[in-house]
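Structure, as structure tokens:
Since this is a predicted model, take the numbers as computed values, not measurements. For reference, positions follow the sequence shown, starting with 1. Heavy-atom basis, side chains included; hydrogens, waters and symmetry copies ignored.
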Amino acid sequence: MAAPTPIDLPQRPGDFPAAFARAWATREGAAIAALFAEDAEFVNVTGLWWQGRAAIARPHDYALKSFFAETTLQPGRISTRYLGEDHAVVRCRFHMTGQRAPDGSAAGPRQTILIFVLRRTPQGWQAVSAQNTEVMPGQETYVAQDGISTADYRKP
């Protein structure tokens with residue numbers, strides 16, 4: 001793969017979500033991948049598991065140029081937990097608008113929580129792993145029954 005798109009790594013772990021949103025706004029998968037270590041892993045919201053910077057760049061590039069081409073990704077609540085001086089876990093609730101449905105119509109807003117495992121490098125904080133989870137308000141779990149759907153088992 002070609003060298004990653006130049007992007008400044010954040011100097012503090014808590015600034016990583018904003019850097020991710022800026023990279024998203026470029027509409028270049030390589031800009032997102034540049035935030036990740038060469039051997040990083042990324043599990044997307046549907047459970048696709050990408051290993052390596054090139055594998056992270058390709059699907060992001062496709063999505064950002066198609067069904068996510070008009071999206072806005074806005075960081076919300078952020079938490080940072082240091083695992084020593086040079087490692088941290090950052091969680092961020094992202095709000096996304098502007099997605100296109102498969103038929104080309106406007107899709108509704110979404111929320112996800114992205115978890116980033118970061119390490120400090122001489123250039124700044126870089127992700128070695130990330131996982132995206134869809135937020136489904138008011139639901140407890142998923143049920144696989146004639147497809148997969150959300151479920152709430154709590155009594156009304």
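- With sequence neighbours excluded, no residue satisfies side-chain hydrogen bond (donor to acceptor under 3.5 Å, both in side chains) with Thr80.
- Applying the ring-ring contact (aromatic ring centres under 6.0 Å, His included) definition to pairs two or more places apart or across chains, those involving residues 106-132 are Phe16-Phe116, Phe20-Phe116.
- Within the structure, salt bridge (charged side-chain N to carboxylate O under 4.0 Å, His left out) contacts touching residues 70-84 (residues at least two apart or in different chains) are Glu70-Arg100.
- For Arg27, there are no salt bridge (charged side-chain N to carboxylate O under 4.0 Å, His left out) partners two or more places apart in sequence or in a different chain.
- Using modelled atom types, one side-chain atom of Arg53 and one backbone atom of Phe36 make a donor-acceptor pair closer than 3.5 Å.
- In this structure Thr133 satisfies the side-chain contact (heavy atoms from CB on, under 4.5 Å) test with no other residue, sequence neighbours excluded.
- Under a 3.5 Å cut-off, the side chain of Glu140 and the backbone N or O of Tyr153 do form a donor-acceptor pair.
- Evaluation of the salt bridge (charged side-chain N to carboxylate O under 4.0 Å, His left out) rule for Arg12 yields Asp15 as partners, not counting sequence neighbours.
- The shortest side-chain heavy-atom distance between Val89 and Ile115 falls under the 4.5 Å cut-off.
- The environment of OH in Tyr82 is crowded: more than 12 heavy-atom neighbours from other residues, nucleotides or ligands sit within 6.0 Å.
- The shortest distance between side-chain heavy atoms of Gln126 and Leu118 does not fall below 4.5 Å.
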Candidate pair Ile32 and Leu64, rule side-chain contact (heavy atoms from CB on, under 4.5 Å), full reasoning:
CA-CA 10 Å; Ile32 288 176; Leu64 289 167; 3.7 Å; yes
Take Glu134 and Arg110, measure what salt bridge (charged side-chain N to carboxylate O under 4.0 Å, His left out) needs, and give me the verdict at the end.
CA-CA 8 Å; Glu134 188 76 21; Arg110 293 174 50 196; 2.6 Å; yes
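- Residues forming a side-chain contact (heavy atoms from CB on, under 4.5 Å) with Ala63 (at least two apart in sequence, or on another chain): Phe67, Phe68.
- Shown here are the salt bridge (charged side-chain N to carboxylate O under 4.0 Å, His left out) partners of Arg93, two or more places apart in sequence or in another chain: there are none.
- For Ser66, there are no side-chain hydrogen bond (donor to acceptor under 3.5 Å, both in side chains) partners at least two apart in sequence or on another chain.
- Taking 4.5 Å as the limit, some side-chain heavy atom of Ile113 sits within range of a side-chain heavy atom of Val135.
- With His60 contributing its side chain and Ile56 its backbone, the two residues share a donor-acceptor pair below 3.5 Å.
- Asn44 is linked by a side-chain contact (heavy atoms from CB on, under 4.5 Å) to Phe42, Thr46, Leu48, Trp50, counting only residues two or more places apart in sequence or in another chain.
- Looking at heavy atoms from C-beta onward, Phe94 lies out of side-chain contact with Gln111 at the 4.5 angstrom threshold.
- Residues forming a side-chain contact (heavy atoms from CB on, under 4.5 Å) with Gln123 (at least two apart in sequence, or on another chain): Leu9, Thr121.
- Judged as a side chain to side chain donor-acceptor pair (under 3.5 Å), the pairs with a partner in residues 141-150 (not counting sequence neighbours) are, in order, Gln139-Thr150.
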